[in-house]
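In what follows, a structure is listed as structure tokens, so that the remarks can point back to it.
Order of the sequence lines sets the chain letters (A, B, ...), proteins ahead of strands, with each chain counted from 1.
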2 protein chains.
Amino acid sequence: MISSRRARVSGGDRGDETRQRLIKAAIDVFGRFGYEGASTRALAEAAGANLAAIPYHFGGKEGLYLATASYIAERIAERVGPVAERVAGELTGEESGPADRDACLRLLQELLDRFAELVVLEEEAGQWARLVVREQMHPTRAFEILYDGIMKKVLRLLATLIGRLTGVAPDNEVTRLRALTLLGQVLMFRTAHAAALRQMGWDKIGPRELAAIQAVVRENVVAIAGASAGDGDKAGAAEVRR
Amino acid sequence: MISSRRARVSGGDRGDETRQRLIKAAIDVFGRFGYEGASTRALAEAAGANLAAIPYHFGGKEGLYLATASYIAERIAERVGPVAERVAGELTGEESGPADRDACLRLLQELLDRFAELVVLEEEAGQWARLVVREQMHPTRAFEILYDGIMKKVLRLLATLIGRLTGVAPDNEVTRLRALTLLGQVLMFRTAHAAALRQMGWDKIGPRELAAIQAVVRENVVAIAGASAGDGDKAGAAEVRR
DNA sequence: GTCTATAGTCGGATAGAC
DNA sequence: GTCTATCCGACTATAGAC
């Protein structure tokens, strides 16, 4: 389908700037209208670029879409990566004794705090999110880029931290489900954005609202991690008869 | 924009059946390709109907879209409504003494269980969800239909139950946020469907997987409701300095 | 109420001048 | 590397036969 006749990496010239403008505009336009709904004319106009620049630089509309997914994955990795790596570092740097429970809890809260900030604040995330969620529910090749780029790492870290806190193996089904439910608490404010605004009577989610969300999620994390602490042997109870 | 030249309600004739087929097909096609991406040709073909039937019965593509949103709201209300009304009934039928904490907890779990079943099982929900989430992140007139139709009621019930369980007013900011985070735990399995499948190593979410999700969410509800029980005076702690 | 045929518009991609 | 002009297919909606 794709015939990308250019695979430029080097940059700095005028063409490189055009590619950047097209990608930036594409995040918004693809997010708003979907892949099929976004016309190359709209994409080019939003970027202040020529229509023919899309087939020229990206081989076509699909190439621009995939390039946009890569860009998003890089931006997210840029923001979450440092925190994630620090968490990973602290995890391997210490033993899993009962003494580091508080440390794990803090790391978990920090990871979710950072993720909430990334996901929920208005800035750019609202544009990424529409594209990402679309890929979640109707995956194309772009989903591989997004998942491998960042989601996998975050989910694994969450499961590791929860495993430590609850004494259940990180690859246990219940542990992995707990990781997902924690993430879901944060993601909901993007994926059900309009409903959340109405429920809260907010007209947007700014720094104050973000802080309120983070506070509630932190409390929930404490409750969930605390309630199931040391139930390594009971974890099977949540497993379900087939 | 819309000029629906027909507003048929009575039914049973052949035209009514065509309208139904078009709406059913539209849930899938609009969900997959988005509003702009869904062509009237694709919509008509998927429904086994003639292209001209869309402007005829619904006044145009937009009319079909809004009719589809109404249909979805009705189907969801059909499924969640009975449980929600029973919950609402039991809530008004008793006093808010400490004795009914267990009852509130059961009702809350039942509501979320039912919602998980609705949201997460493959059957039809995957089709609705794409359309609904699109509206959440980029609302059009269809969002009003969906929100007023069902979401408002569910969110209010959740907040009421959580308020009872924690001793915090249902309209308190923290209580409403808690309601959203609970819902988010369930919704994530739809809105981040592809990532959830990979995280769990599942290839689909069937009855067994649904049961595992419900079990974890139930545990989380107990933990969250239990941990913040009777902190009516502390609720302000989660409020945030402006 | 449903169909075919068609009008009028817009879609993505390309050719070739600069 | 960027532009204009253009091809051709697909789009939504309508007209009018049945």
Pick out which of T191(A), L180(A), T181(A) makes a side chain to side chain contact (heavy atoms under 4.5 Å, CB included) with M188(B).
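Among the candidates, only L180(A) passes.
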Reckon [X] touches a base, only the sugar-phosphate, or nothing at all at heavy-atom distances under 4.0 Å?
| X | result |
| --- | --- |
| A38(B) | sugar-phosphate |
| L51(B) | base |
| A52(A) | base |

Atom-to-atom span, [atom1] of [X] to [atom2] of [N] - whole angstrom:
| X | N | atom1 | atom2 | result |
| --- | --- | --- | --- | --- |
| L43(A) | dC10(C) | CG | C1' | 15 Å |
| Y35(B) | dC11(D) | OH | C1' | 13 Å |
| Q20(B) | dT2(C) | CD | C1' | 18 Å |
| Y65(A) | dA13(C) | OH | C1' | 21 Å |
| I54(B) | dA15(D) | CD1 | P | 17 Å |
| E45(B) | dC3(C) | CD | P | 13 Å |
| K61(B) | dT14(D) | NZ | P | 14 Å |

Donor-acceptor contact present, side-chain [X] to main-chain [Y], <3.5 Å:
| X | Y | value |
| --- | --- | --- |
| Q214(B) | D113(B) | yes |
| T175(A) | D171(A) | no |
| E135(B) | T140(B) | yes |
| R178(A) | I162(A) | no |

Side-chain N or O of [X] less than 4.0 angstrom from OP1 or OP2 on [N]?
| X | N | answer |
| --- | --- | --- |
| S39(B) | dA10(D) | no |
| N50(B) | dG1(C) | no |
| Y56(B) | dG1(C) | yes |

Of the options dG1(D), dA13(C), dT2(C), whose atoms approach the side-chain atoms of H57(A) most closely?
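Taking heavy atoms from C-beta onward, the closest nucleotide is dG1(D).
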From C-beta outward on T18(B), which listed nucleotide comes closest to its side chain: dC3(C), dT2(C), dA13(C)?
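Out of dC3(C), dT2(C), dA13(C), the nucleotide with an atom closest to T18(B)'s side chain is dT2(C).
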Could you say whether A53(A) or R41(A) is positioned toward the 5' end of DNA chain D, judged by the nucleotide with the nearest heavy atom to each?
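First, find each residue's nearest nucleotide; the 5'-ward one identifies A53(A).
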